[in-house]
Amino acid sequence: MQVNMNINGEAVSEDVEARTLLVHFIRDDVGLTGTHWGCDTSNCGTCVVLIDGEPVKSCTTLAAMASGHDITTVEGLEVDNVLDPVQEGFMQCHGLQCGFCTPGMMLTARALLNNNPNPSEEVIREAISGQICRCTGYSTIVRSIQWAAEHGTPVSVGN
Amino acid sequence: MTTTEPAPTEERPIGFGKLLRKEDPRLIRGMGNFVDDIQLKGMLHLAILRSPMAHAKIVSIDKSAAEAMEGVVAVVTGEDLAGHGLAWMPTLSNDVQAVLATDKVRFQHQEVAFVVATDRYIARDALEQIDVEYEWIDPVVDVRTAMNPDVPVIRTDLEGKTDNHVFDWETGDAAATQAVFDNADVVVKQEVIYPRSHPAPMETCGCVADLNRVSGQLNLWSTTQAPHAHRTVYALVAGLPEHKIRVIAPDIGGGFGNKVPIYPGYVCAIVASLLIGKPVKWMEDRTENLVTTGFARDYVMQGEIAATKEGKILAIRTDVLADHGAFNGVAAPVKYPAGFFGVFTGSYDIEAAYCSMKAVYTNKAPGGVAYACSFRITEAVYLVERMVDVLALELDMDSAELRLKNLIKEDQFPYETKTGWVYDSGNYEPALRKAMEMAGYDELRREQAEKRERGELMGIGLSFFTEAVGAGPRKDMDILGLGMADGCELRIHPTGKAVVRLSVKTQGQGHETTFAQIVAEEIGIPPEDIEVVHGDTDNTPFGLGTYGSRSTPVSGAAAALVTRKVRDKAQIIASGMLEVSVADLEWNKGSFSVKGDPSKSVTIQDIAMKAHGAGDLPEGIEGGLEAQICYNPENLTYPFGAYICVVDVDPGTAEVKVRRFIAVDDCGTQINPMIIEGQVHGGLADGVGMALMQMISFDEDGNCLSGSLMEYLIPTALETPDWETGHTVTPSPHHPIGAKGVGESATVGSPPAVVNAVVDALRPYGVKHADMPLTPSRVWEAMQGNHTPPI
Ligand code: FES
Ligand code: FES
């Protein structure tokens with residue numbers, strides 16, 4: 001079947017099997033491999049992308065369901081060679097180690113900050129609680145998001 | 001790079017200090033290159049059919065329907081592999097493991113056949129069309145009865161095998177220990193279980209194999225923590241010439257030990273590429289990762305401590321039953337079948353110690369050493385730290401006071417334990433005192449007393465651990481006959497930029513940053529001018545890889561020493577440039593100057609150009625500025641730390657909340673404190689997960705009950721506190737820069753602190769011990785006075 005969507009501001013149109021998961025579509029068909037896959041049960045969140053600004057697990061979404069929508073992946077966070085404050089924050093605060101969970105974490109953080117520019121630690125923890133990081137123990141991820149909140153300039157990504 | 005990195009001052013040191021990571025710019029842009037990101041022209045996809053039963057004879061396999069499917073290129077069974085002599089492969093412990101089962105299956109989800117197809121969906125569809133007839137055999141699930149005479153023999157493939165015995169092992173002095181126990185005022189005993197757990201890195205295991213049938217060259221992109229060791233094993237298994245094998249470990253999404261062993265899937269992909277002549281990708285799904293790849297722990301330990309009534313610990317003894325699964329896949333030095341469990345005497349100065357151990361086969365997945373355990377030190381530290389708290393309860397003594405009384409003293413180092421380990425350096429008491437100060441220990445105890453009055457359950461748990469990392473001296477330590485040394489090569493280019501090549505491989509630890517800093521510290525070239533190459537056997541010197549916290553102790557030493565070798569040569573060239581003798585030069589981290597006349601100096605960059613440039617060099621000196629070495633450590637290094645965990649237990653729901661966690665680590669000289677803190681944080685979260693949430697469990701038929709992240713629970717940001725970390729610095733005397741390693745310290749040290757805190761919270765209920773994982777239901781049981789071991 002034909003799916004048409006907008007990924008990081010570019011129109012994408014492909015013919016896919018109806019059962020194609022959005023995560024596989026983005027990775028294998030479109031070739032944007034920054035979105036990762038880590039579980040079979042919608043638990044890990046390494047696959048999170050933004051659909052119309054909302055964080056969604058792309059492993060639990062059919063490509064067909066995303067048709068007609070705006071998708072933001074990690075590759076879309078940097079705009080005109082300027083990093084998103086969330087990306088900066090993750091570097092400054094050592095919010096990543098292996099980097100496998102990082103794209104999903106950053107996108108959730110972006111969506112959170114778009115809705116709530118000054119979240120408390122508790123709110124940040126709640127926001128990322130559907131995602132797993134095996135490396136960092138989360139404190140530095142929380143600090144990274146706080147850094148982004150402090151240094152954030154209004155961004156259009158995901159809005 | 002457009003970043004707002006701080007100005008080049010303290011934040012951007014030339015050498016040791018906090019430095020933002022060189023690997024981050026690509027990873028935060030989604031430009032990492034993980035195995036599943038690799039797409040090669042014409043690449044096929046491989047999926048594995050796995051056994052639904054834990055123990056069964058394979059009667060027949062009909063693959064015709066699968067073969068007939070459109071898009072299916074090949075369907076291969078164990079029998080097909082046997083035809084090529086490839087049905088079995090060696091494990092890292094000199095046992096053998098089936099690549100694909102031929103005679104029978106020995107654990108649930110064991111590999112039975114594989115499909116290669118044009119896309120990953122078709123490959124998985126085709127698995128459902130393979131018809132396998134199994135004949136049930138009673139599985140051996142309970143480790144305690146695995147050696148009973150009437151249970152089925154699992155390893156019928158081993159000639160003459162009549163039971164499920166793997167090995168017996170002992171260490172220490174049984175008679176001397178018995179004598180101390182006979183005369184002790186106090187003896188405490190407790191069965192302590194470390195259940196089976198799994199490292200579960202976020203990226204599962206997989207590979208892309210590309211075997212060129214004309215040249216015979218195999219390129220293998222693989223999730224491996226040990227590319228060189230894997231290359232040698234592939235050469236041995238598949239009979240491929242080693243110089244034609246190139247193993248590339250690209251970005252790795254976490255390892256924690258899970259990516260040390262060689263799994264059947266890797267071998268299947270290589271064979272498939274060989275048979276078909278096209279690149280083949282194999283990636284596990286999460287269930288495959290959890291239920292078939294290297295598990296960890298699975299020790300049932302009988303612990304005993306003998307002490308005086310004043311609380312002086314005299315002797316420690318343990319008898320261990322070890323579940324090794326269906327194949328002995330332990331990745332430990334061969335002379336150490338129980339890894340480094342021999343350090344179970346912990347951080348205490350005692351008179352005698354003894355351990356006896358029996359390892360058995362069961363119908364469960366193989367593995368045994370994985371998950372950031374430093375070769376079984378997790379189990380050893382958990383045993384001794386739990387037992388010390390059992391003793392504290394018996395003596396009605398504060399658990400901090402008891403530890404302070406027994407810690408090895410500063411002037412006793414190097415300290416030889418009663419099981420023969422020589423702790424290189426330590427200064428334990430200040431680390432524990434620092435943790436107590438950070439925690440506000442006395443105040444916490446006061447708060448706890450008040451809360452108990454009110455019926456609230458608050459617990460304070462301590463642990464003090466000594467790690468043994470950096471395996472290891474090649475006279476004692478090898479894996480499959482490969483000595484545990486590591487190479488390093490450094491090349492300074494004419495313009496003074498450098499490339500350093502490592503045998504170890506990061507899975508998130510930040511080698512590209514840390515190793516650039518080690519070289520920078522020794523030669524004064526800024527870290528941003530130093531490229532770290534790793535994870536590619538064609539482009540790096542041989543070495544055994546990253547696990548057991550060995551990168552900094554072994555490869556870090558190699559990096560420092562190879563840089564000194566280059567610097568020595570640079571000094572000779574500088575003496576020619578400045579026309580003074582070598583002895584008249586002094587080193588100022590980046591330049592040589594004439595002693596007493598600092599205006600006469602040459603930078604390392606000047607020297608690099610001279611080394612490659614025109615004009616004569618001092619006599620006997622070849623052009624170029626590079627060196628290679630192989631570092632053989634003289635001893636292990638022994639990091640240590642003091643941890644304090646504070647928990648609250650809900651008396652109504654038995655839910656445990658980790659309120660605070662204070663960790664003081666001493667990993668010797670610190671290279672990058674930011675990275676060290678990150679390593680500690682990650683390990684602390686592991687500890688909370690194992691102590692409170694996770695276990696790989698089985699039902700009586702051998703079905704694995706923890707096959708997804710819905711059952712195998714990993715802590716999220718809600719189950720973990722904001723970690724409070726501190727450090728002391730006691731350099732290793734034998735390591736060239738005094739660094740000891742830190743990757744696994746917190747995973748080793750934290751579980752006993754959490755369990756001790758929960759047991760402490762439950763004191764009003766008379767609970768002396770409770771086994772991990774301390775889920776609400778297990779804590780509730782304990783509060784009712786029931787003690788059900790998890791295995
Ligand atoms: S891949 Fe794990 S939640 Fe999507
Ligand atoms: S950085 Fe490795 S899983 Fe989060």
Side-chain angles (χ1 to χ4, degrees), chain A residues 17 19-20 24 27-28 31-44 46 73-78 81-84 86-88 90-103 106 121 124-142 151, chain B residues 2-5 20-21 23-34 36-37 39 119-121 199-204 251-256 283 285-287 506-510 674-675 677-686 708-710 714-718 720-723 746:
Chain A
E17 264 189 89
R19 62 175 171 170
T20 306
H24 288 145
R27 288 179 50 79
D28 297 346
L32 294 173
T33 54
T35 303
H36 296 147
W37 171 92
C39 73
D40 319 319
T41 48
S42 207
N43 286 98
C44 76
T46 58
T73 70
V74 63
E75 290 90 346
L77 279 174
E78 184 182 14
N81 291 325
V82 179
L83 291 177
D84 189 291
V86 170
Q87 292 173 301
E88 281 285 357
F90 270 72
M91 284 203 293
Q92 294 295 334
C93 302
H94 194 29
L96 66 152
Q97 291 182 27
C98 76
F100 204 74
C101 71
T102 315
M106 292 193 305
E121 178 183 341
I124 294 173
R125 285 183 178 269
E126 181 74 40
I128 59 169
S129 65
Q131 287 161 259
I132 295 172
C133 174
R134 288 300 269 159
C135 301
T136 66
Y138 304 105
S139 283
T140 56
I141 294 182
V142 172
H151 295 77
Chain B
T2 48
T3 75
T4 54
E5 279 181 27
L20 300 188
R21 298 196 327 161
E23 34 279 270
D24 288 356
R26 68 171 185 275
L27 295 171
I28 53 121
R29 287 175 169 87
M31 287 166 65
N33 184 31
F34 296 88
D36 199 22
D37 300 346
Q39 301 280 6
D119 94 19
R120 60 174 107 212
Y121 286 37
M202 288 327 301
E203 176 202 36
T204 58
D251 285 318
I252 302 289
F256 317 110
M283 279 310 294
D285 62 26
R286 177 55 64 189
T287 300
T506 184
Q507 311 116 41
Q509 298 92 332
M674 178 189 83
I675 287 179
E677 187 195 35
Q679 294 293 295
V680 171
H681 282 190
L684 296 176
D686 283 347
S708 82
L709 298 180
M710 313 252 268
I714 291 172
T716 72
L718 292 179
T720 45
D722 193 20
W723 314 107

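By convention in this document, chain letters (A, B, ...) are assigned in the order of the sequence lines, proteins followed by strands, and residues within each chain are numbered from 1.
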Could you tell me whether the side chain of [X] and the main chain of [Y] form a donor-acceptor pair under 3.5 Å?
X	Y	answer
Arg134(A)	Ile714(B)	no
Asp40(A)	Thr287(B)	yes
Arg29(B)	Gln87(A)	no
Tyr138(A)	Pro715(B)	yes
Glu203(B)	Phe100(A)	no

Side chains of [X] and [Y], heavy atoms from C-beta outward: is any pair under 4.5 Å?
X	Y	answer
Ile675(B)	Gln97(A)	no
Gln131(A)	Thr716(B)	no
Asp722(B)	Val142(A)	no
Arg125(A)	Thr720(B)	yes
Thr136(A)	His681(B)	no

Taking [options] one by one, which has the highest count of heavy-atom pairs under 4.5 Å against chain B?
options	result
Gly34(A), Cys93(A), Gly38(A)	Gly38(A)
Thr46(A), Asp28(A), Thr73(A)	Asp28(A)
His24(A), His151(A), Arg19(A)	Arg19(A)

Requested in this report: Scan Cys44(A), Cys98(A), Cys39(A) and name whichever one has a side chain to side chain contact (heavy atoms under 4.5 Å, CB included) with Met202(B).
Outcome: Cys44(A)
Query raised in the report: Roughly how far apart are Phe90(A) CZ and Arg21(B) CZ, rounded to 0.5 Å?
Result: 12.0 Å
Requested in this report: Could you go through the side chain to side chain contact (heavy atoms under 4.5 Å, CB included) check for Arg286(B) and Thr41(A) one step at a time?
Outcome: CA-CA 9 Å; Arg286(B) 177 55 64 189; Thr41(A) 48; 5.8 Å; no
